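Please read the structure below before turning to the comments.
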There are 4 protein chains.
Amino acid sequence: MSPKTKAQYKQIRHDRKAAIEDAAMQLFAENGFSRVSISRIAQKAGVSKGLLYNYFTNKEALVKDIVVKGFRQMLDKLDFNFNKEITRERFIELINKNFDLLQKEISYWNLYISVITQPAVIALVKEEIFDVITPFLTALTKYYAQNNVKNPEVHSLLVGAILDGVTIDYMLGPEEYPLEAIKNLIIEKFI
Amino acid sequence: MSPKTKAQYKQIRHDRKAAIEDAAMQLFAENGFSRVSISRIAQKAGVSKGLLYNYFTNKEALVKDIVVKGFRQMLDKLDFNFNKEITRERFIELINKNFDLLQKEISYWNLYISVITQPAVIALVKEEIFDVITPFLTALTKYYAQNNVKNPEVHSLLVGAILDGVTIDYMLGPEEYPLEAIKNLIIEKFI
Amino acid sequence: MSPKTKAQYKQIRHDRKAAIEDAAMQLFAENGFSRVSISRIAQKAGVSKGLLYNYFTNKEALVKDIVVKGFRQMLDKLDFNFNKEITRERFIELINKNFDLLQKEISYWNLYISVITQPAVIALVKEEIFDVITPFLTALTKYYAQNNVKNPEVHSLLVGAILDGVTIDYMLGPEEYPLEAIKNLIIEKFI
Amino acid sequence: MSPKTKAQYKQIRHDRKAAIEDAAMQLFAENGFSRVSISRIAQKAGVSKGLLYNYFTNKEALVKDIVVKGFRQMLDKLDFNFNKEITRERFIELINKNFDLLQKEISYWNLYISVITQPAVIALVKEEIFDVITPFLTALTKYYAQNNVKNPEVHSLLVGAILDGVTIDYMLGPEEYPLEAIKNLIIEKFI
DNA sequence: TATGAATGAGGCTTCATTCAT
DNA sequence: AATGAATGAAGCCTCATTCAT
């Protein structure tokens, strides 16, 4: 009815897009990428199917957007400055925070794993994911180098693999998994 | 009397079933469960769609069959007696064989990961997979207990997670992954 | 603002749904429920297969909708107030109208019989059909009670059965069936 | 193994065919014509699919055979000589036997109704059914004529319709249907 | 910006029927 | 007479995407 200013339109766009992303995120995490239809996403977001295509060119673009954005949000929630020097205490803090996130955002990790392991989808997000992971690995490598560990790159890669592996195993049966004990063992062995 | 002997029928059934499983295995590994249609599998197997349903109740039964059977084959190829006591040497041998298999049977592991991480499929195979993994974990646990490690169960769980994590990371880019170095580090840290 | 007004959408939905129902009605009546495919219905209705599922959850819902709606329409066409007291004259009028409908709406009754006698479909519509039939039986029962007939419920049930039986027999060969004479005999015997 | 005489082969043919018919009959009655597959029939009959086609050209031929044969069996069970003069007592006996059969052979009637009301199937069996029904109607007509009823043909047709109608209504909910009372009312009204 | 009706390709599955043996 | 593997058409249904408004 009333004419809207450009700023208002921008706000609307932003809100709508966020609503769609939230809905999609949740549904993907609960059901897996291929079991969620655009219809359901639109419905859950309170938006028409047509409008959804106004914001995302197609379903793949949507999932790509969500995975990448989600990854960034996870990093934000991790709230860890990878540029600052990593001390023993900070490393422990990083691991702690990481396991915290795993528990609190289990549904995101569900999505992440389910997407990252679909051969056809992997190509879409590989690059972005690597962009995000690299600082993590670099920081770890630097830490190990400073502590005169022999193969710092391999150490950091292994830590990365461990976190991935624990994530996947944890998700197979979160209730019974001894996350806390595992975490302590990792700290004991790798820090 | 009879049209074909029972042995002949059995042979035919065995061969056809194997052909279908092979085709499905390869396609699932390359594309992920949900992106492979029954049509494509039948075509690749050189068989009519209808016949496929003569051997597998449905698509889920097919994937279940493949994953479980594949897992058993992997264990066979591992050729490791989990009942015999695990010594330091045997543990190293186990890790070596495991990494060997990872390299040689990359397409199976691709399928395994792709399937194990799909919410829709996970429920189907969880139990069978656990059945197969349990002896592995049990043996490791016993090893750690014998070596007076404090939390033997947690140790073996962590080793399991590491193998999963390395598998997944390796598959994201097999060419550049320093599998050998990682292996040696694992041996150094966990044996 | 809005793309089409809500009224426009409603109109479209109504028209399309009616077109599908008409097509389905006719085909079901001519061929029986299980021999009519969704494809044929869509084609006859001038609509895509997909759209049909926009209006009906599945084939069962479609047949249910048609039978129940048709039954209600028949009752409407019967145009008989079952709440008002039934006199001899009104009873005769009811029978007359009923036979009139049988002749005029033969294709609906064809469907009705064809559907009501299919074990697979019967469960779907039983309840709704009973809801519609009950007032009819109740009114007849009251009539017989007022006329001091001994077993009024049984009388009205039998009249119901007669109408069903005549319907079915009439449909087996409408041309030769002496509908008028049968009607008169019913009136003579049961009023 | 041992060579068989012609008589033995004939016996085998007869037995096998009967086994198939019995199985089909039961399955059709329980599930309706279109919901029963040839496979299931063959399995229940303990016979291969191929053999079934040795005895019946196709599914329609099978159902036709069963309905007609079943109808004849019903008549046999009715054990009523339509050529002998019908007295009041014999008429009552006929009705009694008819209702008896309805109760005892409910599954056959289920099949009969389900088949007879499928427009596409009706053509197949119409003629045979009429052959069987005609003596019944003729006998009734003669009875009414002898008792100086005005329209004997119409009377007998109506009785036929009533039996059909009761059959159908009874089948919609056998438990609650007052079959006995209905029977007595028919006897009271029409004999 | 926003709607939702409409499409059509494609997915899974069933099944009557055939045929080599 | 008998088998059952094999086919292929057809059935029901889902869904990403488009488009007129």
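All of these numbers come straight from a predicted model, not from anything done at the bench. Protein chains get the first letters and strands the later ones, always in sequence-line order, with residue 1 at the start of each.
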> Touch check for B/Ser37, heavy atoms < 4.0 angstrom, all strands: base, sugar-phosphate only, or nothing?
Replying inline: sugar-phosphate
Which atom pairs, donor and acceptor, lie under 3.5 Å between side-chain atoms of residues 13-23 of chain A and protein residues at least two apart or in another chain?
from    : atom 1 : to      : atom 2 : distance (Å)
A/Asp15 : OD1    : A/Gln11 : NE2    : 2.9
A/Asp15 : OD2    : A/Gln11 : NE2    : 3.3
A/Glu21 : OE1    : A/Lys69 : NZ     : 3.1
A/Glu21 : OE2    : A/Lys69 : NZ     : 2.9

> Distance check: side-chain N/O of C/Arg16 vs OP1/OP2 of E/dA5, anything under 4.0 Å?
Replying inline: no
> Is the phosphate of F/dA2, meaning OP1 or OP2, less than 4.0 Å from a side-chain N or O of D/Tyr55?
Replying inline: yes
> Starting at the 5' end of DNA chain F, which residue's closest nucleotide do you reach first, B/Ile12 or B/Lys49?
Replying inline: B/Ile12
> Where each residue is assigned the nucleotide of DNA chain F containing its nearest heavy atom, which of A/Gly50 and D/Val47 is assigned the position nearer the 5′ end?
Replying inline: D/Val47
>> Let's see if you get this right: which residues in residues 20-27 of chain C place a heavy atom under 4.0 Å from DNA chain F?
In response: none
> Has C/Tyr9 got a side-chain N or O lying under 4.0 Å from the OP1 or OP2 atom of E/dG4?
Replying inline: no
> Which one, E/dT14, F/dA2, F/dA5, comes nearest to the side chain of B/Asn54?
Replying inline: F/dA5
>> If you assign B/Ser39 and C/Ser48 each to the DNA chain E nucleotide with the nearest heavy atom, which residue ends up on the more 5' nucleotide?
In response: C/Ser48
> Between the side chain of C/Tyr108 and the main-chain N/O of C/Gln26, is any donor-acceptor distance below 3.5 Å?
Replying inline: no
>> Between B/Glu128 and B/Lys64, does any side-chain N to carboxylate O distance fall below 4.0 Å?
In response: yes
> Are the side chain of A/Asp65 and the backbone N or O of A/Ala61 linked by a donor-acceptor pair below 3.5 Å?
Replying inline: no
> Heavy atoms under 4.0 Å, any strand shown: does C/Lys59 hit a base, just sugar-phosphate, or nothing?
Replying inline: sugar-phosphate
>> Regarding B/Leu51, tell me which of base, sugar-phosphate or nothing describes its non-hydrogen contacts under 4.0 Å with the strands shown.
In response: base
> Do the numbers put C/Lys59 on top of the ring of C/Phe33, so that NZ or CZ is under 6.0 Å from the six-membered ring centre and no more than 45° off the axis?
Replying inline: yes
>> Within the 4.0 Å heavy-atom criterion, would you say C/Phe56 contacts the bases, only the backbone, or no part of the nucleic acid?
In response: nothing
> Can you tell me how far C1' of F/dT14 sits from CG of C/Leu52, to the nearest Å?
Replying inline: 13 Å
>> Checking contacts here: which listed nucleotide (E/dT21, F/dC13, F/dT17) is nearest the side-chain heavy atoms of A/Tyr53?
In response: F/dT17
> Can you name the closest pair of heavy atoms from D/Asn58 and D/Tyr53 and give their distance?
Replying inline: CA-CE2, 4.0 Å
